[in-house]
Amino acid sequence: MKLFYTHSDLDGISNILVAKYYLREELNDFEIIIINYSDMETNSVDYEKLSKAEEVIFTDFCPDEKMIDVIETNNIPTKVFDHHDSAIQMIDEIKERKSIENIEFFFDDTICGTEIFYNYCKENYKEVYNLVLNQIVFLTDTYDMWRDDSEHFSNAVDFNRLLFKYMNYNSEGIDKYMPFLDRMMKKIETNDALEYTKEELEKIEYDKKIETGIVISANKSIRKRIDSKGKKFGILLLDKKISLVAHRILSKHTDLTYLIIINTYNPDELKMSIRSLKSSNFDCRQIKGFEGHVNASGYKVKDFKAIKRLSYALWTGKLKYLDYKEWELLNHFGIFGNYHNIF
């Protein structure tokens, strides 16, 4: 049994398209596992299955310490293709473990995970250059690396819209993404350029209307603050379309340097992220506890109750801002009343 782990966003799913094109029949030997970063925090990873793998590939995702332990113990040949800053720490840790010699890291924080894997496949597999796949990789990189200063950014956003419009929300795992994957593979195999059907264009336009409604509501509810360095930022409660709504809000509210977003999709497992525009030159990762990309980072925490307390404190103003250095004071906040009902 071989395992192919990848993330659940556009960057992760586009890696499957690259694998389908270059690995071909070889991919049939792999079980594709779609993973979220929170899976490790909630102990949802099947470590037993990992321990029995003959070979493992990770794309747009870096294994955590426990997964590394399993790989080391069972001497599993592993390749990791990632671009997140969290991978740097893991690479350093693996170097210290001189007993691990079967893990290959392919890391580049200037491009998306798909492009890293794509470049590897081009060098190691003999397949004819495919224009459509190259366009898909380009759009994925433009979106995932949030190159909002690119003339192709709106096209990249539309490509991301299609991923979510062609998900099968009644299924789980790889089956959830098969409608999108099948549609894109058909374009890769038969088209000489990435073009959308009438149905696909209609779905994109419909999605834009939904997004506009969310933006209108967000403009009314945004709360503005000033942090310890005098930078103005906003706080929003959102349950969907985090990145796109944040981009439009920041584009309109030019007085804001960044946005702190409380993701309320699952009230029992709140998430927090920070967004900024490339033009702001604000690195979201400088807020302690946040990891990811320069303009889009998420808070890494295992205690959802603590996140709920922190979110309430920020939203209500009991906590004015997140500190740049020593702000992880979750145990100092206590319980601020009935914080659950605002979400």
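Taking a cutoff of 4.0 Å between a charged side-chain nitrogen and a carboxylate oxygen, Glu199 and Lys203 do not qualify as a salt bridge.
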Margin query: The test is side chain to side chain contact (heavy atoms under 4.5 Å, CB included); show your working for His293 and His83 and say whether it passes.
Written below: CA-CA 9 Å; His293 304 299; His83 65 134; 2.9 Å; yes

Notebook entry, point to check: Yes or no on salt bridge (Lys or Arg N to Asp or Glu O under 4.0 Å) for Asp69 and Lys66, after CA distance, side-chain angles and deciding distance?
Noted result: CA-CA 5 Å; Asp69 289 339; Lys66 189 172 181 179; over 6 Å; no

Notebook entry, point to check: Can you check side chain to side chain contact (heavy atoms under 4.5 Å, CB included) on Ile307 and Glu269, steps first, answer last?
Noted result: CA-CA 8 Å; Ile307 273 291; Glu269 296 183 5; over 6 Å; no

Note to self: I'd like to know whether Ile13 forms a side chain to side chain contact (heavy atoms under 4.5 Å, CB included) with Leu163, so could you lay out the CA-CA distance, the side-chain angles of the two residues, the decisive distance to 0.1 Å, and finally the verdict.
What the structure shows: CA-CA 9 Å; Ile13 301 307; Leu163 168 63; 4.1 Å; yes

Next item on the list: Take His84 and Cys62, measure what side chain to side chain contact (heavy atoms under 4.5 Å, CB included) needs, and give me the verdict at the end.
Entry: CA-CA 8 Å; His84 296 96; Cys62 183; over 6 Å; no

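For the 3.5 Å distance criterion, the side chains of Thr114 and Ser14 fail to qualify, holding no donor opposite an acceptor. When only modelled atom types and interatomic distance are considered, Tyr324 and Asp227 share a side-chain donor-acceptor pair under 3.5 Å. Checking Thr257 against Ser280 by side-chain atom types alone, no donor-acceptor pair falls below 3.5 Å. No hydrogens or angles considered: nothing links the side chains of Asn74 and Ser51 as a donor-acceptor pair under 3.5 Å. Judged purely by distance below 3.5 Å, without hydrogens or angles, the side chains of Asn295 and Ser276 pair a donor atom with an acceptor atom. A donor-acceptor contact closer than 3.5 angstrom links the side chains of Asn134 and Tyr118.
Under the side chain to side chain contact (heavy atoms under 4.5 Å, CB included) test applied with Val137, the options Asn130, Val18, Thr142 reduce to a single match, Val18. With Ile116 as the partner, the side chain to side chain contact (heavy atoms under 4.5 Å, CB included) test is satisfied by one option alone out of Ile111, Asp11, Thr59, Asp109: Ile111.
Nearest heavy atom pair, residue Leu139 against residue Ala156, reads O-CB, 3.4 Å. Residue Asn102 comes nearest to Asn75 through the heavy atom pair ND2-C, 3.0 Å, listed as atom of the first residue, atom of the second, then distance. The two residues Pro179 and Asn168 come nearest to each other via the heavy atoms CG-CB, 4.0 Å. When every heavy atom of Leu23 is checked against every heavy atom of Cys121, the shortest pair comes out as CD1-SG, 4.2 Å. The two residues Ile35 and His7 have their closest heavy-atom pair at O-CD2, 3.2 Å. The minimum heavy-atom distance between Arg147 and Thr110, with the atom names listed, is NH2-O, 2.8 Å.
Using a 4.5 Å heavy-atom cutoff, the side chains of Ser228 and Asp323 are in contact. Between Leu322 and Phe290 there is a side-chain heavy-atom pair separated by less than 4.5 Å. A 4.5 Å side-chain heavy-atom check between Phe138 and Leu194 finds every atom pair outside the cut-off. Here the side chains of Glu127 and Tyr22 are in contact, with some heavy-atom distance below 4.5 Å. Between Phe81 and Ile57 the shortest side-chain heavy-atom distance falls below 4.5 Å. Counting only heavy atoms from C-beta outward, the side chains of Leu27 and Ile32 approach each other to under 4.5 Å. Side-chain contact between Asn266 and Phe304 is absent, with no heavy atoms from C-beta onward closer than 4.5 Å. Between Ile103 and Ile68, the closest side-chain pair of non-hydrogen atoms falls below 4.5 Å.
Checking side-chain atoms of Gln286 against main-chain N and O of Asp283 turns up a donor-acceptor pair under 3.5 Å.
Hydrophobic side-chain contacts under 4.5 Å tie Leu277 into a cluster, directly or through other members, with Tyr206, Ile210, Ile214, Val215, Ile222, Leu236, Leu238, Ile242, Val245, Ile249, Leu250, Leu256, Leu259, Ile261.
Rounding to the nearest 0.5 Å places OG of Ser150 at 10.0 Å from NZ of Lys278. In this structure, the separation between CD on Glu189 and NZ on Lys20 is 10.0 Å, given to the nearest 0.5 Å. In this structure, NZ in Lys318 is found 14.0 Å from CG in Leu310, a value given to the nearest 0.5 Å. Here the CG atom belonging to Asp141 is positioned 12.0 Å from the NE2 atom belonging to His152, to the nearest 0.5 angstrom. Rounded to the nearest 0.5 Å, atoms OH (Tyr143) and CG (Asp148) are 11.5 Å apart. From Ile16, atom CD1 reaches atom CE of Met178 across 8.5 Å, with rounding to the nearest 0.5 Å.
Lys231 forms no cation-pi arrangement with Phe282, by the criterion of a distance under 6.0 Å to the ring centre and an angle within 45° of the ring axis.
Linking Ile, Leu, Val, Met, Phe, Trp and Tyr residues whenever their side-chain heavy atoms come within less than 4.5 Å leaves Leu10 and Met145 in two separate clusters. One hydrophobic cluster, built from ILVMFWY side chains closer than 4.5 Å, holds both Tyr21 and Ile174. Linking Ile, Leu, Val, Met, Phe, Trp and Tyr residues whenever their side-chain heavy atoms come within less than 4.5 Å places Tyr47 and Met1 in a single cluster. In the hydrophobic clustering of ILVMFWY residues, with side-chain heavy atoms under 4.5 Å counting as a link, Tyr125 and Phe106 come out together. The hydrophobic clustering, which links ILVMFWY residues whose side-chain heavy atoms are closer than 4.5 Å, places Leu17 and Tyr129 together.
Annotation: side chain to side chain donor-acceptor pair (under 3.5 Å) contacts involving residues 237-255, sequence neighbours excluded, comprise Asp207-Lys241, Glu211-Arg248, Thr212-Arg248, Asn219-His253, Lys224-His253, Lys224-Asp255, Lys232-Asp255, Ser243-Arg275. Within the structure, ring-ring contact (aromatic ring centres under 6.0 Å, His included) contacts touching residues 160-191 (residues at least two apart or in different chains) are Phe159-Phe180.
Ring orientation note: the planes of Tyr5 and Phe58 are close to parallel, at an angle under 30° on the 30°/60° scale. The aromatic rings of Tyr120 and Phe117 sit parallel to each other, their planes meeting at less than 30°, with 60° as the upper class boundary.
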